[in-house]
Amino acid sequence: MSLAFLCGTELLDGEARGTSAFHTQSPVMRYQFAKFASWAGVDVDALLHPATGAPDTEPGARARRVALPSAMLGIHDVLRVHGIRPSVLGGFGVGALTAGCLAGAVTREELFTLLLGDLTDGADGGGEVADDDGQGRSRAVVFLPRDHDPDWYAALDRRRVRVGVSLGTDPDRSYRVLLLNGDADALRALAHEAPEGAVRLHGRGPAVLHSPLAAGARESAARRLDGLAFHDPATPVCSCLEPRTLTRADEVRELFGRCAAEPADIGALVSGLVAHGTRLALVLGPSLPRHVVDFPFPVVHVDAPERVEDAIAALLHYGVGVPAAG
């Protein structure tokens with residue numbers, strides 16, 4: 001049976017306290033965050049508390065772009081100290097890129113270069129998710145009753161709102177969970193028209209991936225990836241775009257380029273993980289809120305130091321073997 005590491009993306013405005021606690025308690029986390037901050041050109045505190053930084057400044061924008069990948073990479077290293085290593089990796093949004101990096105397809109510094117460059121920017125220059133002021137692209141997490149028309153948003157204007165990520169149903173199978181991309185005015189209008197509480201606007205955040213509305217995103221991604229040497233991943237990576245396992249450098253490169261503008265489907269990702277015999281998955285960092293997505297296997301969220309013990313207990317309980325050192 002396999003152990004999977006899952007790398008998500010910012011769905012809701014989550015807490016950074018767990019990452020900060022990891023940094024306080026773990027020497028390996030402090031060592032890595034010093035490097036991450038240096039590559040990003042910001043101080044460590046900005047990476048640990050990105051929501052408190054000034055959003056309209058370059059340092060604030062840079063910190064927000066790499067804060068979650070930093071947390072996921074650092075927590076991966078903490079787990080590695082405990083001998084916990086995945087048999088398979090997967091993710092969506094910035095998590096798909098982070099999973100490729102953890103698999104060894106690109107170096108960590110190269111990942112930061114990509115994230116801090118124009119990989120996620122469209123031709124309109126709207127790479128940053130707008131604050132809740134009606135300007136630029138934004139996004140929303142939608143909890144849509146299962147009997148509601150899944151394409152209801154299209155009645156407004158498909159040129160202004162599109163599905164970025166389909167997250168399947170919640171664990172109670174009462175709601176269909178979607179991540180919508182669009183301009184802030186359109187998403188606010190949808191929030192008023194949808195069932196009460198169904199649309200949760202995500203105001204401030206890093207650059208948007210899986211955005212079909214970003215017409216120039218694919219071309220921009222291709223330019224940024226040009227000249228970057230990808231390597232065959234040492235650990236298989238499951239795609240979030242279709243049911244497919246990536247084992248070659250060119251396949252991971254293609255995923256990186258396509259993630260900019262193509263919608264993700266967590267069902268495709270999960271089917272790939274199931275095909276690898278996933279018995280248990282660990283979600284790295286504050287990248288996927290609890291009780292949002294229904295998984296067909298047990299999931300432990302490792303987003304605070306005390307969750308490492310939960311992960312170890314789950315490994316023992318579910319009889320998941322930890323791969324031997326390579």
Side-chain angles (χ1 to χ4, degrees), residues 8-14 55 61 64-65 68 91-96 118-170 174-221 240-242 257-269 287-289 292-293:
T9 193
E10 299 92 344
L11 293 182
L12 300 170
D13 296 316
R64 289 199 312 278
R65 283 202 174 197
L68 180 58
F92 61 94
V94 71
D118 63 356
L119 174 61
T120 50
D121 292 344
D124 58 0
E128 291 293 318
V129 177
D131 289 333
D132 193 20
D133 59 3
Q135 302 299 314
R137 294 199 307 276
S138 191
R139 58 185 171 179
V141 181
V142 180
F143 297 87
L144 196 66
R146 289 187 66 184
D147 59 356
H148 208 75
D149 177 8
D151 294 322
W152 109 99
Y153 68 90
L156 181 69
D157 189 341
R158 281 183 62 85
R159 294 170 299 177
R160 298 178 68 196
V161 176
R162 295 285 293 277
V163 171
V165 182
S166 175
L167 290 163
T169 59
D170 72 308
S174 301
Y175 298 93
R176 183 181 293 108
V177 187
L178 305 170
L179 179 64
L180 297 183
N181 295 325
D183 69 62
D185 284 338
L187 290 174
R188 272 196 296 272
L190 282 178
H192 287 298
E193 295 176 8
E196 185 176 357
V199 178
R200 303 184 187 182
L201 298 176
H202 191 306
R204 190 174 65 187
V208 176
L209 286 168
H210 304 305
S211 179
L213 296 172
R218 191 190 302 273
E219 293 78 9
S220 179
C240 60
L241 304 180
E242 63 261 316
R258 292 174 60 195
C259 274
E262 294 189 26
D265 179 4
I266 203 164
L269 172 61
S287 64
L288 187 61
V292 168
V293 179

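These values consider heavy atoms only, across backbone and side chains, with no hydrogens, waters or symmetry-generated copies.
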With side chains defined as the heavy atoms from C-beta onward, is the minimum distance between [X] and [Y] less than 4.5 Å?
| X | Y | value |
| --- | --- | --- |
| Pro263 | Ser211 | no |
| Val292 | Phe143 | yes |
| Leu179 | His210 | no |
| Arg188 | Leu201 | yes |
| Leu187 | Val161 | yes |

Before you tell me yes or no, could you show the steps for Val141 and Val177 under side-chain contact (heavy atoms from CB on, under 4.5 Å), namely the whole-Å CA-CA distance, both residues' side-chain angles and the distance that decides it to 0.1 Å? CA-CA 7 Å; Val141 181; Val177 187; 4.3 Å; yes

Identify the two heavy atoms, one from Ala96 and one from Cys259, that lie closest to each other, and give their separation to 0.1 Å. CB-SG, 3.9 Å

Can you give me the closest heavy-atom contact between Pro145 and Tyr175, atom names plus distance?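 Here Pro145 and Tyr175 meet closest at N-CD2, 3.7 Å.
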
Asn181 (side chain) donor-acceptor with Arg162 (main chain) under 3.5 angstrom: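 Flag not set: sc Asn181 to bb Arg162 has no pair under 3.5 Å.
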
N/O donor-acceptor pair under 3.5 Å between Thr9 side chain and Gly93 backbone: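 No: the side chain of Thr9 does not pair with the backbone of Gly93.
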
When rounded to the nearest 0.5 angstrom, what is the spacing between CG in Leu269 and OG in Ser166?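 Rounded to the nearest 0.5 Å, the CG-OG separation comes out at 12.0 Å.
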
Any chance you could measure Ser174, atom OG, to Asp147, atom CG, to the nearest 0.5 Å?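 Going from OG on Ser174 over to CG on Asp147, the span is 10.0 Å.
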
With Val293 via side chain to side chain contact (heavy atoms under 4.5 Å, CB included) - residues at least two apart: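 With sequence neighbours excluded, Val293 shows a side chain to side chain contact (heavy atoms under 4.5 Å, CB included) to Leu167, Ile266, Leu288, Phe295, given in chain and number order.
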
Holding to side chain to side chain contact (heavy atoms under 4.5 Å, CB included), I want the full list of residues that pass it with Ala261, two or more places apart in sequence or in another chain.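 Residues passing side chain to side chain contact (heavy atoms under 4.5 Å, CB included) with Ala261: Ala217.
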
Run the side-chain hydrogen bond (donor to acceptor under 3.5 Å, both in side chains) test against Arg258 and tell me which residues pass, sequence neighbours left out. Glu242, Glu262

Could you walk me through whether Arg146 and Thr169 pass the side-chain contact (heavy atoms from CB on, under 4.5 Å) test, one step at a time? CA-CA 8 Å; Arg146 289 187 66 184; Thr169 59; 4.2 Å; yes

